[in-house]
Each structure stands twice: as structure tokens, then as C-alpha cells.
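Here the structure is laid out as C-alpha cells; the discussion comes afterwards.
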Amino acid sequence: MPTFMSSSQEHSMMSPSFDASSGDPEEPSSQGVVGPLSEGLVNGLKLPLYNPHALPHKAYDAYKTRPDIIASSGSGSVSFFDFTLGLSEEDIASIESSHANQEAQLEAQLAERYKNAENVSWRRERAPDVPLYHGRAMPVLGVDLALVTRPRACAMALRSALKAGVRRVDTSSSAGNETTIGEAFAAAFTEDRYGVVRVHRQDVFVAGTLAPNDVHDVEKAYKNTLANLRLKYLDLYTLEWPCATTKQTAQVWKAMEKLVADGLVRAIGVANFSIPKLEALLAASKVRPAVCHVEGHPHFRNDDVLRFCRENSVHVTVSHATGGVPRPKSAHLPPVAGAPPCLLVDDTVQSIAERRDVMPEQVVLRWALQRGTSTLIPAACVADIISVFDVFAWSLGKEEMERLSSMQYQRRHSAGRHLIGRASSFPSYEHLWDEPPLDTFAAPIPDLKIPTFQLGNTGAAIPQIGLGTWKSKPGEVQKAVEIALRNGYRHIDCAEVYRNEGEVGDALAAVLSEGRLKREDVFLTGKLWNTDHASSRVEPAVRKTLNALKVDYLDLYLMHWPVTGNRGATLSPSIEETWRAMEAAVQKGLVRAIGVCNFSIKKLEALTGIARLPVSVCQIEGHPYFRNEALVRWCQDRGIHVTCYSPFGSPDSAAMMRRESRKLLEEPAVHAIAKRIGRDVGQVLVHWAIQRGVSTLPKSTSEKRIVSNLDVYTFELSASDMSTLSTLSYQCRMVDPPEWLSPSTGPYRKYEDLWDEPPPSRAG
Ligand code: NAP
């Protein structure tokens, strides 16, 4: 491995011998599909947050009752401790200070990670430049800061990169971190502590992007980016994705040409364009794109686009140089089913790296440079920036280039799935990329034609069976959702409070990116948590879920509980206030249909009395140990679709809710039926639910049970078996959090206030 340079060594790289012409770029390209999104920079760090054993004593007691809520790796859980767990102010303060300590640990880990890069003194040498079409010069190697969102990490990454000699910084407005990068730029350009070599704005080539959402007002978007980045001009402004039609793209390009003509930007370019789209743009443009930014690495060579651009004098920058697939967290973990291979641990890359005593990252960056493209160091490599940037004093041999340029595995990592399937953008993968998706690795996804229920005139149709994700632990849920989607599930039930939506989003992105399922094939339910009922909080809550799930709309959004956590005689904010804000989310196109969970008939009557948009779905507990018949009937009579949750009686909820109850999965009547019809207990219970005319949400993280719970379409339960399961006298709510009651203040002092009915009989 190359070691970090001392200051006496540092000038030895002043004149890098860069040879962009060696190597063979003419390998035939195969088309491909993509893998999951890469992880952000901090994701590789071990987050210490919410390790239950690190929590103060009282919080740990609370954790034992609500592990689903507290044992998450994300931040923000503290905010609803006060009412969900009835903790005192003191307890909250102590938890928050523990949280702060954990944050400090995270910062320490970041600092440790950047230590080596920080210890390097400033270097004057930089990457060679490539002349752009406009006579401007751009360094052939830059750093991609798009994924670094944590302000401190972003500042460290930028400083480390600049110290290492990197003089090109690519940003993306879609990443939502421009302001953070702007702060880091401001610090880098003004503060003396940055070392002996002062970096000035004009020393750094800064590229920004025009995101699809901003194409309607190019100048405004550009100026906004400048303001966020705290810069007066950009060296390169790139249209991040083509528009849905050639005409729209041409209009946007015209507006970008005006930015050049007005002297606001130095060069303009495009990204993620296919050859037909480039051809159309070149035909319509006055100012030719200086740069075409496309995916390119040994697992997706993209040779045809490279060749086309070379023939048309458009410089190519390749992104995802390290393949986009993060290294496995541990060599000992079994590979995730269907996950794409990681380029950095590929045998060819590893063997070249070992032979040359360099890092695998350097091998693939050098490969990209020798093909004549410029490229970007991914943010995840910035902690090793000095080594990674050291690719100019050596070159790969012909045989090494050939081996790297002939890998069989070829698939796109960044397939733009978020743009596909909306009326306003690209109807299919083929419309975006002008080529069919290729997937030679995963088995075809079966279409089980699961029956759906139309939700009024919302355009949404809810599949009869959906995968539950409550209590599916981080680290397990991604795999569970991928397994479910690959085995025919088309409905995933999510909620912000399950603290796992990010992983559900990763799973969805991974499966959608294979090109065999489209966004509109999957029905996504999200839920508004109790702390977000105020009208000003609803839209941000929806957007947070959309971000985590990496989609631009939800099929269904539900008010999770008629509970807000306030103390006092009446519920505040009111259900009406919350519902109005949910209606606004429909009108903005963020969600297609809205509904509620855990409402009683009385509360539904009140809601339907004021609702302007229909209450499309009521999601409630429903299984043979809590049939909830009156409510199901009431909804069905009024065209409100019912989804019954906890089809297996939520076996682990009793302990969480601090109460004893029987276990439905052990009920002799269910076992007897299962044995007689040759099905398992889970299948009998799922079938009981769907045969009642409701949809249901079996939760599992076991591959075997995920698959078997959906395998219910080749048998029926007889009328007598239905009747047996529909007349069990033991009835008990399993999901009934005692924290929702505040006996001394209200709004819900006792069970009857919350549920508007007496507790069911547990006789039998
Ligand atoms: P559930 O689906 O009734 O039961 C899940 C439990 O059953 C897990 O322990 C699971 O373990 C096990 N299991 C799954 N399949 C099985 C099978 N075939 N045989 C034996 N055991 C099996 O519980 P739930 O999670 O309470 O409810 C399901 C979903 O409904 C939730 O995940 C959530 O999406 C939704 N829900 C919504 C609300 C609301 O307020 N809106 C409330 C509760 C639930 P493995 O994972 O190990 O298989």
C-alpha cells in the first residue's frame, strides 16, 4: 500500500505522467441492470446510537417495553419518550445527554476515520487537466461529494480532498447537501488554518447539477445552487437526467445555453443520456455539451456511449467508478440473495491491486483514466484520499486493462428508477435508456396476480396481502422486503415509527433497479406518527418517508393512531387539523389515498363527517382472537376498505404491552384445521383473513415464512372451518399500548375513551 507522504516527499508528484491513451476502450458493451444504491459515507461507521445497554437505567426499562421504538439506529427517537413511556423531565434530560454522548462518539469515529487525511500537509500538485470543448480545462480526477450529508463529515471530506491536491469537486442538487458543501467551501476558501497552500475559488473546478424537479425554471435553480454553495459561478452545470420528451430537453438546454451566454456559468453538460438522446440534443443545440456524465466502471463499461462521445468531441466523465456496490460489511456475512457483486472485491481487481501494492479503488480509477475519461473519487473513499488520489505516477499494463475491460458481469448501478413509471416522466426503463433492461442473474419475479381492492376513485388498488414490517429489525428488513418482492408480494406496509423505512427503500430500489418490477407495481403504505399530527408537520413527515423509501409518491398514507401525546381534556392537534393536512398531501400528489388506523366506529363517524376526501382505508387489528367484527362491517357497509393487521395475533406484542395473553399461533383449533387440510398454521390464519373480504399484513423476516404466508391461493377454508375460527370465544386486543392512556389528565383516561367500547371478553 502506498503510505501517506511526508511534506518532503510531497512535491515528487509535481508532474504526474498521465497517459490517457493506453489501454483498450473498444471492448463490446453488454447492456445491464442495476444493484442497490450505494451507502452514504457515514453508513460504514458503526453508529453507537440507541444501543439499549448504553441507555440510562430508566430508559432501559422503557426499552424493554417498547424495543421496537427505541432500539433503532437512527436519531430522533428521544422526541416521543415523554408521552409514549411516561418518563419524567429528568429522565428525558438524562436520555438526551446520553444521546449527546453517543453523538460525540460518532464525531470521534468520523475524526478517527479522517485522521490520516487530516495529518497530510498541503500539496501543490493536482490532477492533470482535460481541455473541454469550450476551451476550459477540467481536472481528470475529482471528488464526488454528493453522498456526504453530515456537515462535519462533509467539511472534513472537502478539506482532506483539497489537501490531497484534488481540485475538482462535483456536487448534486438532488443530494440535498448543497448548503453543507457551501459551508465547507466557505471555510476552505477563507480560513488560514487550511495550511501553507491557500486554496482559492479559481483553483477549484466546481460542478453542479440541474435536478429533474427544477427544470421548469433553470435560471432560478442555478442561482439557488450558487447561493447554497456560496459561490459566484460554477465551472460546469450539468442537466442531471434527460427530460421526458426530446422537446422538453431541448427547451431546458436552451435555458442552460442562456446561462453560458449571460456569463453565469463556464460550461454546461448532460448526465445519464443515451446515444439517441445525445443525438437529438446535439442536433438541437447551439452550445454543444462540454461533458457527458455517465455511469462507467468495469461492471458497466458503457463503451458505446464512450465511443459516440469521442466521435462527437464530447468529453466523458464516468461516475460510480468503484462500481457503486459497497464492500460487504464483513467477509463472514453470507451474501444477500440477489445482491450484485462488489467490484472492489472482484478477484481481477484484487489481484491487480495486490500485484501493484495499491488499493482496489486506485485500480478502477486508473482504469477509467486510461480509457480517456475523467472520473470521480466516490465520497466513501475520501478518508483514504491520499492513497486513492495517487493514480498518476503509475499505469496499468495492456494485459491488466484487457482483464478489467472484459468482465462478463455488466449492469447499470444507477438506473434512474425514481424517474420511471410516472405519467410526467418515463413510462418504462426502455423510454429512459433506449435499450431493454438486461438481467441475467436473478430469477424472473412471479406475478401471482394477487387480488386487489380498488380504493374508490383514487386510482389506487390495494393488494389483498402485504408484508408487515413492524419489529423487523434493521439489518433484517431489507432482506425480508427483497425476498417478499422477488416472491410475488406487491404490497409493503411501512411506518415511520418502525424506524426501518430506509432499509425498506434500499430493498425496493434494489429490486426495482433490476428492471423487472416498476414502481407502480408495488403498493406502498406509510403512516403518520403521533408526534407529527400538527398541520405544519404532516407534509414534512410524508416527505421524510418518501425520502427514506426513495420514491416520489405513496399509494396510501394512514394516520397511525388517534393519539397525539398531548395531555388535557381534548385531543390536540385535532383529528380534523391532521386530516386536512393529509388531504393536502393527496392534492400535492405526494400520496394517492389516505386513511386511518386504530379508529373506532365513533371516531370514524366523526372523521367521515368532516372529511373532504374519502377515508379510503381503515387499518385495524383483526385475527381470530380479536375479530373486530362490528367495525369491519361498519366500514364495509360504507365503502371503506379494511386492512386487518397482526393476522397471527402479533405474538410478541403482549410482552411489549406488558400484559398476559394467549398465543393465537398455539390455538388448538387452528392447528387442527392446518393438520387436516395439510397447510401450516400461518397459511390458515392468512386465509381466514382474506376469506373475510379484508386485506391483511403478515409480518415475517424468515424467507421460508415470507414465501409460505403468500402461498394461500390454491386452497379454501370450508364454511365450517371459517365458522370455527370466527366463533372462538377468547377475544383480546394484542396491540393496545397502555402509554396511550393518561388516567389523570386525558384525553384518553381509560380503555373506553380510546376504543369507544368496553374491553372484549377473555372468556373461553
Ligand atoms: P403478526 O404478523 O401477527 O405476527 C408476526 C409474528 O409471527 C412474527 O414473530 C413472525 O416471526 C411470526 N410469523 C410470521 N409468519 C409465521 C408463520 N407462518 N408461522 C409462525 N409464525 C409466523 O404481527 P404484527 O407484526 O403485529 O402485524 C403484522 C403487520 O401489521 C405489522 O408488521 C405492521 O406492518 C402491521 N401493523 C400495523 C399496526 C397499526 O397500528 N397500524 C399495528 C400492528 C401491526 P418471523 O418474523 O420470525 O417469521
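Each ligand, and each atom within it, is numbered from 1 in the order the structure gives.
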Could you say whether the N/O atoms of [X] and ligand 1 ever approach to under 3.5 Å?
X: Thr469; answer: yes
X: Cys597; answer: no
X: Lys471; answer: no

Glu482/Arg486 ion pair, N-O < 4.0 Å: yes
Pairing of Arg580 and Glu583 as salt bridge, 4.0 angstrom limit: yes
Aromatic ring pairing Phe715/His687, orientation class (parallel under 30°, perpendicular over 60°, tilted between): tilted
[X] neighbourhood, listing ligand 1 atoms whose heavy-atom distance to it stays under 4.0 Å:
X: His560; answer: 39 (C), 40 (O), 41 (N)
X: Tyr498; answer: 33 (C), 34 (O), 35 (C), 36 (N), 37 (C), 38 (C)
X: Lys527; answer: 41 (N)
X: Gly468; answer: 29 (C), 31 (C), 32 (O), 34 (O)

Going from [atom1] on [X] to [atom2] on [Y], what distance comes out if it is rounded to the nearest 0.5 angstrom?
X: Ile620; Y: Leu631; atom1: CD1; atom2: CG; value: 4.0 Å
X: Gln454; Y: Ile462; atom1: CD; atom2: CD1; value: 11.5 Å
X: Glu501; Y: Thr469; atom1: CD; atom2: OG1; value: 7.5 Å

Ignoring hydrogens, just give me the one of [options] whose non-hydrogen atom is nearest [atom].
atom: atom 26 (O) of ligand 1; options: Cys644, Pro647, Ser650; result: Ser650
atom: atom 19 (N) of ligand 1; options: Gln619, Lys699, Arg705; result: Arg705
atom: atom 40 (O) of ligand 1; options: Leu685, Thr701, Asn598; result: Asn598

Close approach of Met734 to ligand 1, heavy atoms, under 4.0 angstrom: no
Residue portion contacting ligand 1 (non-hydrogen atoms closer than 4.0 Å) for Gln683: neither
Proximity to ligand 1 by part of Asn709, non-hydrogen separation under 4.0 Å: side chain
Lys699 side-chain N/O to Ser650 backbone N/O, donor-acceptor pair under 3.5 Å: no
Derivation of the salt bridge (Lys or Arg N to Asp or Glu O under 4.0 Å) call for Glu520 and Lys518: CA-CA 5 Å; Glu520 67 266 28; Lys518 298 193 181 71; 5.2 Å; no
Pair Lys449, Tyr713: side-chain N/O donor-acceptor within cut-off below 3.5 Å: no
Evaluation steps, salt bridge (Lys or Arg N to Asp or Glu O under 4.0 Å), between Asp721 and Arg676: CA-CA 10 Å; Asp721 288 342; Arg676 180 160 37 73; 2.7 Å; yes
Which residue and heavy atom of the protein sit nearest [atom], plus the separation:
atom: atom 31 (C) of ligand 1; value: Trp470 CB, 3.6 Å
atom: atom 30 (O) of ligand 1; value: Tyr645 CB, 3.2 Å
atom: atom 21 (N) of ligand 1; value: Leu665 CD1, 3.6 Å
atom: atom 34 (O) of ligand 1; value: Asp493 OD2, 2.6 Å

